[in-house]
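Being a predicted model, the structure only gives us computed values, none of them experimental.
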Amino acid sequence: MSIAGPIDLSMQSVIWSKTLAEPIIRFPTLEEDQVADVLVIGGGFCGLSAAIHAARHGASVVLVDARTVGAGASGRNGGNSIPHFPGTMTPSDVASILGAKKAQALCELVVAGSDMVFQQAAEFQINCSPAQNGWMQPAHSQHSLPKVRRAYEQWKALGAPVQWHSAADTHDLLGAVGYIGGWSNPTGGSVNPYGLALGLARVAMKAGVRIFENTSIQSIEQTTTLPVAVCGELRVKASIILIATGGYTGDVFKEVQRSAIPVNLYQVATKPLRKELRASILRAQMCFSDRRKSGGFGRLDAEGRLITGGAVFALGNSRRYGESHARTRLKLLYPQLSEQDVALEAYWEGFCAMSESHLPHVLRLGANVFSLVGFSTRGLNLAQNLGRLLGEFAAGKAALEDVPVALVERRRDIAYWPIKSCAARYIFPWFQAQDRLGLS
């Protein structure tokens with residue numbers, strides 16, 4: 001899959017590069033053969049977390065990225081750590097997919113995961129503008145209300161620190177109009193995700209991980225002893241290889257690429273809002289996401305910019321279409337915003353790997369080659385926490401069964417993957433229509 005559209009791999013158009021508190025560290029290109037206990041391919045949240053925790057358990061680790069650290073989904077997402085599954089997926093839905101034991105473990109990881117994200121950032125002293133002020137899922141329609149309520153009830157039954165809010169309370173906390181109730185979890189929150197990725201890379205380097213950027217792997221050779229990653233004339237030999245390339249997986253790893261749909265998403269940032277507006281918009285500094293198909297989510301960054309987005313519509317001028325939709329949605333949620341208030345300072349795009357189940361899975365690609373993919377918009381929480389477990393497994397400190405996701409032992413492509421991947425770039429108007437018709 002080629003990375004099409006205005007994907008700014010330099011990160012210059014991404015607002016997080018302009019508000020960084022972490023220094024940008026550039027790593028060398030691979031120039032000589034390497035030998036390690038663990039090779040990690042992919043320098044996002046998952047790969048960096050796996051590398052850090054494998055190294056902390058005594059493994060020698062090499063990490064390579066075809067571009068630069070954090071330049072994929074990890075550094076360009078909305079920056080929200082969400083203690084919940086995608087949409088209104090519930091713990092019982094997860095149990096029907098994974099079975100009771102793994103579902104319980106994954107639910108516990110999701111519930112505790114957001115706290116772990118912020119605790120780890122504090123432990124590692126990562127300057128990512130952390131704001132753990134909670135996350136809310138509001139209901140925008142009578143169709144969505146029972147589904148939102150069902151998710152709340154199941155998390156409450158599991159002992160999660162969730163709270164139900166009336167329409168009035170939801171309006172008070174978010175400042176948005178039109179919501180008729182919702183639930184929140186105080187462990188959610190927001191960060192500068194690019195800053196977090198760069199900070200994790202700094203921590204990995206300090207832990208002894210050898211990081212190489214702009215280094216593409218062309219193939220993996222299964223030798224009689226150890227797997228070997230091929231990079232031109234160079235080789236990286238490792239006891240175990242972990243592929244963590246997510247929605248940016250190219251044709252080299254087709255088994256990984258075709259186990260999830262690369263959905264092209266955009267994000268926008270307004271200019272910093274006036275102080276009087278910040279008193280009524282997201283007063284509690286929560287981030288939120290509703291069930292609208294065409295995007296109903298938002299947060300404020302550290303300087304008061306509203307951040308939102310949606311799916312890219314690739315027909316015609318995708319940026320103009322996305323910016324127009326974002327401005328319309330913001331004014332729908334916050335009628336007090338003027339045209340000047342919704343003037344956009346930044347627009348950027350990226351890919352997210354969506355699995356069929358909307359849950360991540362581990363692929364076994366060889367005797368000692370594994371991939372973790374399919375975070376489905378929940379990567380800031382799950383990619384780090386599942387990456388940690390995968391790193392512990394790679395270092396021999398945990399079993400593969402301790403990673404509470406489905407293990408796919410043989411290649412399992414999504415049916416009609418080429419068609420679905422293409423359709424994902426043109427389906428946005430249908431999402432908008434479902435919202436208008438009250439079907440979301």
Side-chain angles (χ1 to χ4, degrees), residues 4-7 73 76-80 82 84-89 135-148 151 170 174-182 247 261-270 281-282 287-299 305-335 337 339 341-342 344 346-354 358 375-379 420-440:
I7 305 296
R76 61 181 65 238
N77 65 78
N80 296 328
I82 298 176
H84 178 47
F85 298 110
T88 48
M89 177 179 280
W135 166 83
M136 182 186 290
Q137 182 177 58
H140 70 283
S141 67
Q142 291 296 335
H143 182 81
S144 68
L145 183 62
K147 298 180 180 180
V148 170
T170 302
L174 302 183
V177 301
Y179 290 126
I180 55 178
I261 300 296
V263 178
N264 197 186
L265 303 175
Y266 73 87
Q267 307 276 341
V268 299
T270 68
I281 292 176
L282 294 173
C287 55
F288 71 95
S289 47
D290 63 30
R291 281 197 76 252
R292 284 186 173 95
K293 292 285 189 180
S294 62
F297 62 91
R299 60 163 289 194
R305 298 176 182 85
L306 262 174
I307 313 292
T308 190
V312 168
F313 181 45
L315 186 65
N317 188 321
S318 62
R319 174 169 183 164
R320 184 168 59 196
Y321 194 97
E323 288 182 336
S324 175
H325 173 77
R327 286 192 294 265
T328 299
R329 176 56 45 79
L330 288 174
K331 292 178 71 175
L332 174 69
L333 293 172
Y334 301 106
L337 293 174
E339 287 293 332
D341 295 323
V342 294
L344 301 178
Y347 169 96
W348 67 97
E349 295 184 8
F351 287 97
C352 172
M354 299 287 293
H358 288 184
F375 295 106
S376 306
T377 74
R378 294 298 183 260
K420 290 178 180 178
S421 296
C422 181
R425 294 175 57 76
Y426 298 95
I427 201 171
F428 191 62
W430 169 235
F431 290 160
Q432 291 175 304
Q434 290 182 76
D435 291 340
R436 286 196 299 268
L437 295 171
L439 300 176
S440 59

Could you measure the distance from the [atom1] atom of [X] to the [atom2] atom of [Y]? Nearest 0.5 Å is fine.
X	Y	atom1	atom2	result
M89	H358	CE	NE2	6.5 Å
N80	F297	CG	CZ	8.0 Å
K420	I427	NZ	CD1	11.0 Å
R329	S324	CZ	OG	11.5 Å
L337	I281	CG	CD1	4.0 Å
T170	Q137	OG1	CD	11.0 Å

Any donor and acceptor pair, going by atom type alone, linking the side chain of [X] with main-chain N or O of [Y] inside 3.5 Å?
X	Y	result
S141	S440	yes
H140	H143	no
R76	E349	yes
R299	G78	yes
R378	I82	no
T270	L306	yes

So which heavy atom on [X] is nearest to which on [Y], and how close?
X	Y	value
A269	I307	CB-CD1, 3.4 Å
Y426	L315	CE2-N, 3.8 Å
G247	A353	N-CB, 3.6 Å
T377	C352	N-SG, 3.3 Å
G296	Y179	O-OH, 4.3 Å
A424	I261	CB-CG2, 4.1 Å

query = Is there side-chain contact between F288 and L282, with at least one heavy-atom pair below 4.5 Å?
reply = yes
ask   = Are any of the side-chain heavy atoms of S144 and K147 separated by less than 4.5 Å?
value = no
inquiry  = Is the distance between the ring centroids of F428 and H325 under 6.0 Å?
reply    =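 When the ring centroids of H325 and F428 are compared, they turn out to be within the sub-6.0 Å range.
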key: salt bridge (charged side-chain N to carboxylate O under 4.0 Å, His left out) involving R292 - partner list, sequence neighbours excluded   = D290
ask   = Under the side chain to side chain contact (heavy atoms under 4.5 Å, CB included) criterion, do V177 and L333 qualify, and how do the steps go?
value = CA-CA 5 Å; V177 301; L333 293 172; 5.7 Å; no
query = More than 12 non-hydrogen atoms from neighbouring residues, nucleotides or ligands closer than 6.0 Å to NZ on K293, yes or no?
reply =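 No - once you tally the heavy atoms of other residues, nucleotides and ligands closer than 6.0 Å, there are 12 at most.
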task = Could you give me the CA-CA distance, side-chain angles and deciding distance for W135 and S289, then say whether side chain to side chain contact (heavy atoms under 4.5 Å, CB included) is met?
result = CA-CA 8 Å; W135 166 83; S289 47; 2.9 Å; yes
key: Test ring-ring contact (aromatic ring centres under 6.0 Å, His included) applied to Y266 - qualifying residues, sequence neighbours left out   =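 With neighbours one apart ignored, the set is Y347.
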request  = May I ask you to decide whether E339 forms a salt bridge with R327, counting only side-chain N to carboxylate O separations under 4.0 Å?
outcome  =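 R327 and E339: not salt-bridged.
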